[in-house]
Amino acid sequence: MAIKIPRGTQDILPDASPTWQWITEKARKICQLYRYEEIKTPMFESTDLFHRGVGETTDIVQKEMYTFKDRGDRSLTLRPEGTAPVVRSYVENKMHGWANQPVKLYYIGEMFRYERPQAGRTRQLTQFGVEAIGSDDPSLDAEVISLAMAFYKSFGLNKLKLVINSLGDLESRKAHREALIRHFEPSIHEFCSDCQNRLQKNPLRILDCKVDSEHPLMATAPSILDFLNETSKQHFEHVKEALDAMGIPYEVDATLVRGLDYYNHTTFEIMGADFGAITTLCGGGRYGGLVSELGGPEVSGIGFALSYERLLLALNAEQVQPEIENPLDCFIVAIGEAAEKKATELLYLLRQQGITADKDYMKRKTKGQFKQADRFGATTVAVLGDEELEKAIINVKNMETGEQQEVAINEFPQYVQKLVENRRDSHE
RNA sequence: GCGGCUGUGGCGAAGUGGUUAACGCACCGGAUUGUGGUUCCGGCAUUCGUGGGUUCGAGACCCAUCAGCCGCCCCA
């Protein structure tokens, strides 16, 4: 049996790859505007990085990692997310000592999670993410959120919803955590087994549970927003004011709890609509203890990650098409062996001049070659056969008007060049 | 990891146990010995995701397995 693509992965075929290039271009462009610089980290890291950086209690670490041993008996893991590796690099390269602070980075790359695939969820996913590390200024939170929103807007997407929340600082989180345990503990046996486990490990995530969302204790659960201390409150207020000033609408959702352990203060999610159960396009937030946890100084960062796969769902739902096209300037129809050889030479000349050019490689008849040229959307076709070779000319046909012109073969490249330039001028 | 649905040529899709597996699109060839987008004619699945079983006979029924989609969980 033929070998098939691994589960949860996909080939990006030529008809889809322009869209992928388009997304990448938009991402780079927006990062350039906001002055974030690209960082590339390895596809695999020491397994410990994710245990320490992402959190032992998270689903990612507990059941979704592609972990393997290399020949030197090192435990390595294909990266399931981008923040921990970037922070590892921040610490390893002592970026906290760089002149420009905060350090503003972005990455584009593949992530790997062992999950059950469905629409918008694959085992290899492509993420664009941003990390601004070294400042706890709340206006930086707003900048990162606005970058994400501007990115989506640049595609013309409109059905977006920004949801924000604050988890507060360590002190606030601790107080809230205790209140949650007090709230749920007496009746915890009425909750699902996941929630029973969460009670001591991470009671915050009980709020996130879909199974027990109708339980009366959910509605009356203590809200993190009531436990924010003065510092945390001010931070959150500042973020909201900055968003208001930029005219970015948002909703505050006190139950928005991000899945990874390292978040504090601001968390946010951008949701799309109209494409099935999965609506989260982008998730992010501020992380406090992560840098020091990985051996760096006590600084915090803020970032987000979003996937191409889900952006694609949103683009489909709103019927957005990429702006990329690749027109064929000239197709050479060669009739006979001698002409075929000459065509190869002429193609090379055209391409050296920046003219997109192609020919037949399937030994098609003349008619078939024209059909191919038409399918490619060639704007001109050059016909070369024995008759032309004898007279040292080539017949250049305009495929829109059907007009055909004899051109001396040694003037052919310049002639096509002129046609292409005229066409470009008239289109501008 | 759990539950539901699905799997026929490059694509879409008929076929609900009986001989040579409809049809549409795409593709290739011819009508037009060297000129496209229209038309007409012809060609194009030793085989129905894979493996096994039931049967005189299986694309259809059964079992297993793989994959996809949807839902749950969770997340990007």
Side-chain angles (χ1 to χ4, degrees), chain A residues 1-10 13 15 54 57-64 80-83 108-129 148 152 192-195 197-198 205 208-213 256-260 268-272 275-284 303-314 331-336 339 360 362-389 395-404:
Chain A
M1 197 173 79
I3 295 170
K4 291 200 286 194
I5 194 167
R7 181 155 207 213
T9 65
Q10 54 178 341
L13 302 180
D15 67 326
V54 179
T57 65
T58 61
D59 280 20
I60 289 183
V61 168
Q62 282 184 350
K63 48 193 192 195
E64 294 177 4
E81 59 101 45
T83 302
I108 293 169
E110 283 65 45
M111 307 297 159
F112 305 85
R113 294 183 194 173
Y114 192 87
E115 291 193 277
R116 177 115 185 215
Q118 65 187 65
R121 195 168 74 186
T122 50
R123 289 184 172 180
Q124 175 177 320
L125 53 139
T126 306
Q127 283 192 335
F128 160 44
Y152 286 117
C192 72
S193 59
D194 279 342
C195 284
N197 285 328
R198 286 166 182 152
R205 289 189 51 209
D208 218 15
C209 182
K210 306 282 189 299
V211 179
D212 297 316
S213 61
L256 176 65
V257 176
R258 313 245 63 253
L260 314 187
F268 68 96
E269 232 172 68
I270 297 171
M271 335 263 273
F275 43 88
I278 291 167
T279 52
T280 303
L281 292 177
C282 170
F304 69 73
L306 62 89
S307 81
Y308 279 40
E309 288 79 5
R310 290 197 184 168
L311 171 56
L312 251 18
L313 291 182
F331 187 95
I332 300 182
V333 169
I335 305 151
D360 168 68
M362 298 304 289
K363 304 207 173 345
R364 290 190 181 89
K365 303 286 164 47
T366 306
K367 180 182 173 133
Q369 293 190 46
F370 265 89
K371 275 192 143 180
Q372 181 64 51
D374 194 55
R375 226 178 287 137
F376 281 156
T379 51
T380 63
V381 169
V383 186
L384 191 63
D386 292 340
E387 292 167 26
E388 286 83 358
L389 282 177
N395 273 299
V396 180
K397 180 170 182 175
N398 180 326
M399 290 298 273
E400 279 161 33
T401 63
E403 285 164 20
Q404 196 158 297

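Protein chains get the first letters and strands the later ones, always in sequence-line order, with residue 1 at the start of each. The basis for the numbers below is simple: all heavy atoms, side chains too, and nothing from hydrogens, waters or symmetry mates. Nothing here was measured: the structure is a model prediction, and the numbers come from that model.
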I'd like the [atom1] distance from [M] over to [N], given in whole Å.
N      : M      : atom1 : value
B:rU33 : B:rC27 : C1'   : 24 Å
B:rA13 : B:rU19 : P     : 25 Å
B:rU38 : B:rA26 : P     : 8 Å
B:rA67 : B:rC56 : P     : 35 Å
B:rA45 : B:rG59 : C1'   : 12 Å
B:rC63 : B:rU55 : C1'   : 16 Å
B:rU50 : B:rC66 : P     : 15 Å
B:rG49 : B:rA21 : P     : 16 Å

*asked:* With a 4.5 Å cut-off on side-chain heavy atoms, are A:L389 and A:L384 touching?
replied: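 Yes. Closest side-chain heavy atoms under 4.5 Å.
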
*State, yes or no, whether a side-chain contact exists between A:M362 and A:Q372 at a heavy-atom distance under 4.5 Å.*
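Side-chain contact under 4.5 Å: no.
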
Pairing partner (Watson-Crick or G-U wobble, both distances under 3.5 angstrom) of [N]:
N      : answer
B:rC23 : B:rG12
B:rU65 : B:rG49
B:rU55 : none
B:rG17 : none
B:rC72 : B:rG1
B:rG36 : none

Atom-to-atom span, [atom1] of [X] to [atom2] of [N] - whole angstrom:
X      : N      : atom1 : atom2 : result
A:R123 : B:rG1  : CZ    : P     : 7 Å
A:R121 : B:rC73 : CZ    : P     : 10 Å
A:K63  : B:rC2  : NZ    : P     : 12 Å
A:M111 : B:rC74 : CE    : P     : 23 Å
A:L281 : B:rA76 : CG    : P     : 12 Å
A:D360 : B:rU35 : CG    : P     : 15 Å
A:E64  : B:rA76 : CD    : C1'   : 11 Å
A:E110 : B:rA76 : CD    : P     : 17 Å

*Looking at residues at least two apart in the chain, or sitting in another chain, which of them share a salt bridge (charged side-chain N to carboxylate O under 4.0 Å, His left out) with A:K367?*
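A:K367 satisfies salt bridge (charged side-chain N to carboxylate O under 4.0 Å, His left out) with no other residue.
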
_Set of salt bridge (charged side-chain N to carboxylate O under 4.0 Å, His left out) partners for A:E269, sequence neighbours left out_ =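 So A:E269 forms a salt bridge (charged side-chain N to carboxylate O under 4.0 Å, His left out) with A:R258.
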
Enumerate all atom pairs, one protein N or O and one N or O from nucleotides 24-27 of chain B, separated by less than 3.5 Å.
from   : atom 1 : to     : atom 2 : distance (Å)
B:rC27 : OP1    : A:R375 : NE     : 2.9

Once you apply a heavy-atom cut-off of 4.0 Å, does [X] come out as touching a base, just sugar-phosphate, or nothing?
X      : answer
A:A305 : sugar-phosphate
A:Q404 : base
A:K365 : sugar-phosphate
A:T83  : nothing
A:E388 : base
A:G129 : nothing
A:T366 : sugar-phosphate
A:G8   : sugar-phosphate

_Closest non-hydrogen atom pair, A:L125 against A:E309_ =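 Closest pair (atom of A:L125, atom of A:E309, distance): CA-OE2, 3.4 Å.
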
*So which heavy atom on A:F304 is nearest to which on A:A148, and how close?*
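Of all heavy-atom pairs spanning A:F304 and A:A148, the closest is CE2-CB, 3.6 Å.
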
Between [X] (side chain) and [Y] (backbone), is there a donor-acceptor pair under 3.5 Å?
X      : Y      : value
A:Y152 : A:L281 : yes
A:R121 : A:R116 : yes
A:Q369 : A:R364 : yes

Tell me if the side-chain of [X] makes a donor-acceptor pair with the base of [N], cut-off 3.5 Å, by modelled atom types.
X      : N      : result
A:E115 : B:rG1  : no
A:Q369 : B:rU35 : no
A:R113 : B:rC75 : no

*Using the ring of each side chain (for Trp, its six-membered ring), is A:F376 parallel, tilted or perpendicular to A:F331, with breaks at 30° and 60°?*
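Because their plane-to-plane angle lies in the 30° to 60° range, the rings of A:F376 and A:F331 count as tilted.
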
I'd like a list of close polar pairs between nucleotides 3-10 of chain B and the protein, N/O only, cut-off under 3.5 Å.
from  : atom 1 : to     : atom 2 : distance (Å)
B:rG3 : O6     : A:R116 : NH2    : 3.2

*asked:* OP1 or OP2 of B:rC66 versus the side-chain N and O atoms of A:R7: is any pair under 4.0 Å?
replied: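 It does not, given that no N or O in the side chain of A:R7 lies less than 4.0 Å from OP1 or OP2 of B:rC66.
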
Find the distance between [atom1] ([X]) and [atom2] ([Y]) and round it off to the nearest 0.5 Å.
X      : Y      : atom1 : atom2 : result
A:T380 : A:E400 : OG1   : CD    : 10.0 Å
A:R113 : A:R123 : CZ    : CZ    : 13.5 Å
A:I270 : A:T280 : CD1   : OG1   : 10.5 Å
A:Q10  : A:T126 : CD    : OG1   : 7.5 Å

*Which residue, A:E309 or A:Y114, contacts RNA chain B at a nucleotide closer to its 5' end, judged by nearest heavy atom?*
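The residue closer to the strand's 5' end, by nearest nucleotide, is A:Y114.
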
*asked:* If you assign each of A:G283 and A:A378 to its closest nucleotide in RNA chain B, which residue comes earlier from the 5' end?
replied: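 In this pair, the answer is A:A378.
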
*Selected nucleotide, minimal atom distance to A:Q118 side chain, candidates B:rG71, B:rG68, B:rG34*: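 Of B:rG71, B:rG68, B:rG34, B:rG71 is nearest to the side chain of A:Q118.
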
Show me the protein contacts with nucleotides 39-42 of chain B, counting only N or O atoms at under 3.5 Å.
none

*Partners passing side-chain hydrogen bond (donor to acceptor under 3.5 Å, both in side chains) against A:E81 (at least two apart in sequence or in another chain)*: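 For A:E81, the residues satisfying side-chain hydrogen bond (donor to acceptor under 3.5 Å, both in side chains) (neighbours in sequence not counted) are A:Y262.
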
